[in-house]
Amino acid sequence: MKPDIILTAPGHAGTQATLMQEFAGHKLWEATDRKSFLEKLAPSVRGLATFGPMPVDGKLMDALPKLEIISNFGVGVDAINLDDASKREIIVTNTPDVLNECVADTALALVMNTVRKFPQSERYLRAGNWASRGPYPLTTSLGGKTLGILGLGRIGEAIARRAAACGMKIRYHNRNRKDVPYPYDPDPVTLAKNCDVLLVVTPASAETNRIINAKVLDALGPKKYVVNIARGSVVDEPVLLRYLQEGKIAGAGLDVFADEPRVPPEFFTLDNAVLFPHVGSATVETRKAMGDLQIENLRRHFAGKPVLTRVV
Ligand code: 8YV
């Protein structure tokens with residue numbers, strides 16, 4: 001018999017199709033009455049395939065007393081309460097590594113677009129301004145500038161390699177110093193002071209919630225930029241918006257937002273912000289690789305084998 005699993009959101013189409021084929025899959029997002037959907041499945045559901053920001057907490061885990069594994073599509077597991085899972089001896093898996101290069105491409109593109117204002121210059125051309133108003137205003141070079149990476153993990157290192165190829169210098173701050181050839185700063189404020197572009201790659205957690213606050217943005221100042229490819233929650237979004245509106249920092253590049261897919265419309269009118277709709281890992285190849293890993297973890301677990309990428 002196929003193990004019963006719940007899929008929390010439609011997620012990636014190919015992955016959803018395989019999950020529905022290989023397991024007895026139940027689609028939570030289609031339930032009209034979530035409570036009775038969970039009650040009906042409580043005696044049989046052994047797995048959760050999670051996609052996106054829907055919170056998975058102790059309450060949901062308790063509603064599914066036979067739950068053994070939560071297999072997440074994505075490297076970030078901030079939507080899952082890991083303490084609650086660990087207390088209940090529920091395995092949590094994610095999809096690291098397979099997305100590193102793709103997310104690093106997005107990060108570098110966002111850094112480049114934020115500093116060089118390529119999207120704004122394209123809009124200028126499309127609006128007919130080149131012929132009527134002359135060349136687009138000069139921007140800032142990347143070469144010789146310092147990229148400050150907050151959260152130098154595997155993705156951060158892939159970004160650092162790309163930034164070095166553009167002639168940028170690298171510095172970083174992590175909770176603990178790493179064995180890497182880049183200078184270390186002891187805290188985010190010092191990193192902001194010492195860099196030209198502050199790139200946020202740190203995982204979202206209670207500890208990193210709004211770690212990019214007014215103090216850090218003040219340390220950056222009006223000539224420097226912040227780029228966030230981590231999670232919206234790591235930035236104090238209303239403060240960032242105000243700093244951009246008032247020119248207290250030079251610009252921001254954002255791939256992630258506090259309440260996705262809703263983005264405060266005040267951002268849309270800013271000329272000093274480049275906004276991506278959370279496309280960090282969004283390629284056909286990478287999303288397939290992420291889905292394959294999510295599925296493989298479930299397969300292995302239900303076959304009595306150790307999962308490949310366990311978080312807790
Ligand atoms: C995806 C991500 O957008 O891996 C992550 O943590 O944020 C992205 O790769 C997300 O997982 C899609 O659900």
Side-chain angles (χ1 to χ4, degrees), residues 8-9 11 48 50-61 70-86 90 92-100 102-104 106-107 110-111 148-159 172-176 178 187-189 191-192 198-217 226-241 252-264 267 275-282 286-287 290 293-294 309-312:
T8 61
L48 264 189
T50 52
F51 299 87
M54 189 197 96
V56 178
D57 55 11
K59 205 172 148 221
L60 177 61
M61 296 173 202
I70 300 167
S71 180
N72 186 55
F73 181 94
V75 67
V77 286
D78 46 298
I80 302 166
N81 189 318
L82 299 179
D83 285 342
D84 286 353
S86 151
I90 297 169
V92 178
T93 63
N94 65 343
T95 61
D97 293 326
V98 292
L99 44 56
N100 293 352
C102 203
V103 174
T106 307
L110 197 46
V111 167
I149 301 181
L150 183 66
L152 187 75
R154 288 165 289 193
I155 295 174
E157 290 197 40
I159 298 166
Y172 77 103
H173 168 73
N174 279 8
R175 241 179 331 182
N176 299 307
K178 287 182 76 170
D187 54 72
V189 168
L191 182 65
L198 179 63
L199 176 65
V200 190
V201 200
T202 187
S205 67
E207 223 187 330
T208 60
N209 192 48
R210 299 195 175 197
I211 196 168
I212 304 300
N213 52 25
K215 252 184 163 172
V216 174
L217 296 178
V226 65
V227 172
N228 184 13
I229 61 146
R231 284 288 183 271
S233 63
V234 302
V235 170
D236 188 332
E237 203 170 76
V239 167
L240 173 63
L241 177 62
L254 305 171
D255 185 45
V256 287
F257 298 87
D259 184 26
E260 294 174 9
R262 285 161 291 274
V263 176
F267 277 104
L275 313 172
F276 287 176
H278 199 150
V279 291
S281 64
T286 297
R287 287 289 167 85
M290 291 164 69
L293 185 48
Q294 180 191 34
T309 48
R310 186 168 179 167
V311 183
V312 295

Give me the atom names and distance for the closest heavy-atom approach of [X] to [Y].
{"X": "Arg231", "Y": "Asn228", "answer": "O-ND2, 3.1 Å"}
{"X": "Glu260", "Y": "Asp255", "answer": "OE2-O, 4.2 Å"}
{"X": "Ile155", "Y": "Asn100", "answer": "CG1-OD1, 3.4 Å"}
{"X": "Ile80", "Y": "Met61", "answer": "CG2-CE, 4.5 Å"}
{"X": "Ile159", "Y": "Val201", "answer": "CD1-CG2, 4.1 Å"}
{"X": "Thr8", "Y": "Leu48", "answer": "CG2-CD2, 4.1 Å"}

>> Once ring pair (Phe, Tyr, Trp, His ring centres under 6.0 Å) is applied, do any residues pair with Phe51, and if so which ones, sequence neighbours excluded?
In response: Phe73

> With Tyr172, which residues qualify under ring pair (Phe, Tyr, Trp, His ring centres under 6.0 Å), at least two apart?
Replying inline: Tyr184

Who passes side chain to side chain contact (heavy atoms under 4.5 Å, CB included) against [X], sequence neighbours left out?
{"X": "Ala79", "value": "none"}
{"X": "Val216", "value": "Pro188, Val189, Ala192, Leu198, Ile212, Asn213"}
{"X": "Asn94", "value": "Val75, Val77, Pro96, Thr309, Val311"}

>> Are the side chains of Arg287 and Met290 in contact, using a 4.5 Å heavy-atom criterion?
In response: yes

> Tell me, do Asp83 and Ser86 make a side-chain contact under 4.5 Å, heavy atoms counted?
Replying inline: no

>> Does Val92 form a side chain to side chain contact (heavy atoms under 4.5 Å, CB included) with Asn72? I'd like the steps, not just the answer.
In response: CA-CA 7 Å; Val92 178; Asn72 186 55; 5.5 Å; no

Out of curiosity, [X] [atom1] to [Y] [atom2], how far, rounded to the nearest 0.5 Å?
{"X": "Leu82", "Y": "Asp57", "atom1": "CG", "atom2": "CG", "answer": "12.0 Å"}
{"X": "Leu60", "Y": "Thr50", "atom1": "CG", "atom2": "OG1", "answer": "10.0 Å"}
{"X": "Arg175", "Y": "Thr202", "atom1": "CZ", "atom2": "OG1", "answer": "8.0 Å"}
{"X": "Leu152", "Y": "Glu157", "atom1": "CG", "atom2": "CD", "answer": "5.0 Å"}

>> Looking at Thr286 and Ala282, would you say the former's side chain and the latter's main chain have a donor-acceptor pair under 3.5 Å?
In response: no

> Any side-chain donor-acceptor pair under 3.5 Å between Ser71 and Thr93?
Replying inline: yes

> Which residues pass the salt bridge (Lys or Arg N to Asp or Glu O under 4.0 Å) test with Lys215, sequence neighbours left out?
Replying inline: none

> Can you list the steps and then say if Phe276 with Ile229 is a side chain to side chain contact (heavy atoms under 4.5 Å, CB included)?
Replying inline: CA-CA 9 Å; Phe276 287 176; Ile229 61 146; over 6 Å; no

